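Have a look at the structure below, then the notes.
Just so you know, these numbers come straight off a predicted model, no measurement behind them. When a ligand or atom number is given, it counts from 1 through the structure's own listing order.
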Amino acid sequence: MSFTLFADARLALARDSLAGLSVGDALGSQYFVPGRHPADLAAGSLPPPPWEWTDDTEMACSVVAELAESGRVDRDRLALAFADRAEPYRGYGPGAVTILRLIRTGTPWPVAAASAFDGQGSCGNGAAMRVAPLGAYFADSPTRAALEARASAEVTHAHPEGIAGAVAVAVAAATAARGRLDGDRPAADRLLAGVAGAVDPASEVHRRVRRAAELLGHPLPRVVAALGNGSRVTAQDTVGFTLWVAATHLHDYPAAIRECVAAGGDVDTTAAIVGGIVAAYTGVGTPGGVPTDWLTAREPLPTWTP
Ligand code: F2R
Ligand code: MG
């Protein structure tokens, strides 16, 4: 069924996704603090607030600000926004630190992004970690979500796997948000098939999304062994796993985040990606949605966030 999605409704979907992303990021990063144990979260015990967010959230806020401003991704403006707003203590990846410094000091983003990792470009999970709200914004068009996700990725991630990771997450979030609007949860296998259909078929990200579909219903350790858990900090090692978690727990935000924490690896980023997709479906403060006490425990978002 086709329908018109007005700008304020798009932004509301993107904001809910951003809430899920930022809470996942902030709670996930708590498990890098000495003395914090995933088993405590599994048993229902939350770490004491405030939960500080990291680079995942800072960059996602810039993506949402760009959409609120112009309804699309202008790559030149987004690159400058990422560079100008990056706070050095937020845990940026080493490639991102260099690229953003180059952009800040006047290097055009295509040159900066292409120079990373000896000219290969970055295949880090950083383009995927910030893009779920963009997918939610384009709930009416997975094709447009994929196109704009590519644009949002290219300013820092020139490697095809980095771009494929962003496209995959955006299409998953668009599908989740569309399911919310339709009042109809997308089936896990169909969600993953739709994502696989949108992603470069030559990529490792594509192979792992397809593998994620084969692993639906399997136990977490088996899934992590096959798909990774982000411990290599690359899109290849992160995105297939996060889509398996999101597809499995699309109706239950707390369960999805607990699964990311239990899996270990790059927990702030796996929980940010999963949180952004799942909250696009569940919303905030709803049954199965982002719990309001979790949202309150998260450090407030930057004041410039729309
Ligand atoms: N920096 C981190 N995590 C480390 C700290 C974890 C924890 N908080 C702790 O205290 O222990 N997280 C942030 O980095 C990830 C996003 O990365 P992004 O923006 O993609 O950056 P980068 O540096 O470009 O890529 C990340 C790593 O991927 C590998 N890589 C990338 N391109 C590569 C290539 N062409 N060849 C080989 N390897 C490549 C490198 O290892 C990069 O360092 C998020 O987790 C964010 O939260
Ligand atoms: Mg992070």
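Within the 4.0 Å heavy-atom shell around ligand 1 one finds H157.
Side-chain contact, T238 with N125: a donor N or O sits under 3.5 Å from an acceptor N or O. Checking E58 against Y92 by side-chain atom types alone, a donor-acceptor pair falls below 3.5 Å.
Looking from atom 32 (N) of ligand 1 to the surrounding protein, the closest heavy atom is C123 N, 2.9 Å.
Taking all heavy atoms of F82, F32, Y31, Y92 into account, the minimum distance to atom 10 (O) of ligand 1 is reached by F32. Scanning G119, S29, G28, S122 for the heavy atom closest to atom 22 (P) of ligand 1 points to S122.
Both the backbone and the side chain of V233 come within contact range of ligand 1, each with a heavy atom under 4.0 Å. When non-hydrogen atoms are compared, ligand 1 lies under 4.0 Å from the backbone of N125 as well as from its side chain.
Less than 4.0 angstrom separates atom 4 (C) of ligand 1 from none of the non-hydrogen atoms of the protein.
By the 6.0 Å contact criterion, CZ on R232 is open, its count of non-hydrogen atoms from other residues, nucleotides or ligands being 12 or less. In this structure, R36 places its CZ atom where more than 12 heavy-atom neighbours from other residues, nucleotides or ligands lie under 6.0 Å away.
Neighbouring protein atoms of the Mg ion (ligand 2) (N, O or S, distance under 2.8 Å, waters ignored): T54 OG1, D55 OD1, D56 OD1, D268 OD2.
Checking only distances, D268 does come within under 3.5 Å of ligand 1, N or O to N or O. For a threshold of 3.5 Å applied to N or O pairs, the pair formed by G95 and ligand 1 contains at least one separation below that value.
With hydrogens and angles disregarded, no donor-acceptor distance shorter than 3.5 Å links the side chain of S45 to the backbone of L41.
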